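Only one structure is covered here, and it is reproduced in the block below.
Model, not experiment: these values are computed from the prediction.
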Amino acid sequence: MRLKTHTLSTLVNFLLGVAWAIAVIGAISTFFSFLKINFFIAILSAILGAVPGLLIVLFLEHLILKSEKLEELKKQTELLQKLNNKN
């Protein structure tokens, strides 16, 4: 994974897996629940059933990107301080 600490990386990987499972299970269960009524409604309900899991995935990916950005900014700050000390 892309995170610095192994424990945090493992936790985020696990949570991403759970979020994708929630999205898939939500989509499949709502699709088959509404399939008896109408196929078009079943497709729409499957999309709506997947939304909570997809939002969790989006949040976790945002967390990963912000963590990567913070690490890069720390590296840049360290390099700029070294350049400043040389001058």
Side-chain angles (χ1 to χ4, degrees):
M1 186 84 200
R2 304 170 292 229
L3 297 175
K4 196 169 186 176
T5 62
H6 179 68
T7 307
L8 183 60
S9 177
T10 304
L11 176 66
V12 170
N13 274 330
F14 176 75
L15 290 176
L16 274 172
V18 169
W20 278 111
I22 289 171
V24 169
I25 291 171
I28 290 172
S29 64
T30 55
F31 176 78
F32 285 116
S33 295
F34 288 96
L35 187 59
K36 298 171 190 169
I37 299 171
N38 189 350
F39 183 74
F40 181 70
I41 293 174
I43 295 290
L44 290 177
S45 66
I47 292 169
L48 289 176
V51 167
L54 293 175
L55 287 175
I56 296 169
V57 169
L58 185 67
F59 173 74
L60 289 171
E61 288 293 333
H62 178 73
L63 177 77
I64 291 169
L65 288 175
K66 287 294 183 180
S67 175
E68 286 178 348
K69 184 177 179 181
L70 178 64
E71 292 301 319
E72 286 297 318
L73 287 174
K74 285 181 181 178
K75 289 178 188 176
Q76 288 177 6
T77 302
E78 183 180 330
L79 289 172
L80 286 173
Q81 286 176 347
K82 286 180 183 177
L83 284 173
N84 192 21
N85 289 338
K86 285 184 180 180
N87 294 332

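Cluster annotation: L58 is not connected to L65 through the hydrophobic network of ILVMFWY side chains, with a link wherever side-chain heavy atoms come within less than 4.5 Å. Taking hydrophobic clusters as Ile, Leu, Val, Met, Phe, Trp and Tyr residues chained together by side-chain heavy-atom distances below 4.5 Å, L60 shares a cluster with L8. Hydrophobic clustering (ILVMFWY, side-chain heavy atoms < 4.5 Å, transitive): I47 and L35 are in one cluster. Connection of I28 to L48 is not established within any shared hydrophobic cluster, with ILVMFWY side chains joined at heavy-atom distances below 4.5 Å, either directly or through further cluster members.
K36 NZ to I41 CD1: the interatomic distance, rounded to the nearest 0.5 Å, is 14.5 Å. For the atom pair CG (L44) and CZ (F39), the distance works out to 10.5 Å, reported to the nearest 0.5 Å. Note that CD of E71 and CD of Q76 are 12.0 Å apart. Values are rounded to the nearest 0.5 Å. Atom CG of N84 and atom CG of L79 lie 12.5 Å apart (nearest 0.5 Å). Summarising the geometry, atom CG belonging to L80 is positioned 11.5 Å from atom NZ belonging to K82; distances are rounded to the nearest 0.5 Å. Note that CZ of F59 and CG of L15 are 10.0 Å apart. Values are rounded to the nearest 0.5 Å.
At least one side-chain heavy atom of V18 sits under 4.5 Å from a side-chain heavy atom of F14. At a threshold of 4.5 Å between non-hydrogen side-chain atoms, the residues I64 and V12 count as touching. Within the 4.5 Å cutoff, no side-chain heavy atoms of T7 are placed close to those of L11.
In this structure a side-chain-to-backbone donor-acceptor pair under 3.5 Å is present from N85 to Q81. Judged by distance alone, with hydrogens and angles left aside, the side-chain atoms of S29 form a donor-acceptor pair with the main-chain N or O of I25 at under 3.5 Å.
Looking at every heavy atom in both residues, A23 comes nearest to L54 through CB-N, 4.0 Å. In terms of heavy atoms, I56 sits closest to I22 at CD1-CD1, 4.4 Å. Taking both residues in full, the closest heavy atoms of T30 and A27 are given as OG1-O, 3.2 Å, listed atom of the first, atom of the second, then distance.
We find that K74 and E78 are not joined by a salt bridge, their nearest charged nitrogen and carboxylate oxygen being 4.0 Å or further apart.
By the neighbour-count criterion of 12 heavy atoms within 6.0 Å, atom CZ of F34 is sparsely surrounded, having that number or fewer from other residues, nucleotides or ligands.
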